[in-house]
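Comments concern the structure below.
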Amino acid sequence: MSADLHIAIGAYDATTRTVPVTFTKGEIVHIRSVNACHDEAGGYDAAATAIRVQEVARGVEHKIALGVITSTPPADEETEEPTEAET
């Protein structure tokens, strides 16, 4: 994994048992949930989850390199009125 992929792990969500993760490489920002890891007692394991996030990051970086994950173009602020056929 390259040093120019930045990873930010958000707060653990006990309901979904996931963490939100933001992967940033240059202009590309990819946000997704990653399944969290838990210890033998069922508690959230932040260290193991960080390792899992690194594994996911390798896949994200590969998809960015292939062009599967790209930057989203800005939304067009002007909206067109629907035509008669669309209403």
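Index from 1, following the sequence.
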- prompt: Are any non-hydrogen side-chain atoms of Ile28 and Thr24 less than 4.5 angstrom apart?
  reply: no
field: For Val68, the rest of its hydrophobic cluster, which grows through side-chain links under 4.5 angstrom
entry: Leu66
field: Side chains of Val60 and Ile69 in contact at under 4.5 Å (non-hydrogen atoms)
entry: yes
query: Can you check whether Leu5 reaches Phe23 side chain to side chain, under 4.5 Å on heavy atoms?
result: yes
- prompt: salt bridge (charged side-chain N to carboxylate O under 4.0 Å, His left out): which pairs involve residues 12-41, sequence neighbours left out?
  reply: Asp4-Lys25, Lys25-Glu61
All ring pair (Phe, Tyr, Trp, His ring centres under 6.0 Å) counterparts of Tyr12, not counting sequence neighbours: His38, Tyr44
- line: For Ala50 and Ile9, the nearest pair of non-hydrogen atoms, with its separation, is CA-CD1, 4.1 Å
field: side chain to side chain donor-acceptor pair (under 3.5 Å) partners of residues 45-54, not counting sequence neighbours, each pair once
entry: none
field: Those residues that, when tested against Thr22, pass side-chain hydrogen bond (donor to acceptor under 3.5 Å, both in side chains) (two or more places apart)
entry: none
message: Between Ile7 and Val21, does the side-chain contact (heavy atoms from CB on, under 4.5 Å) criterion hold? Intermediate values first, please.
response: CA-CA 7 Å; Ile7 303 166; Val21 183; 3.7 Å; yes
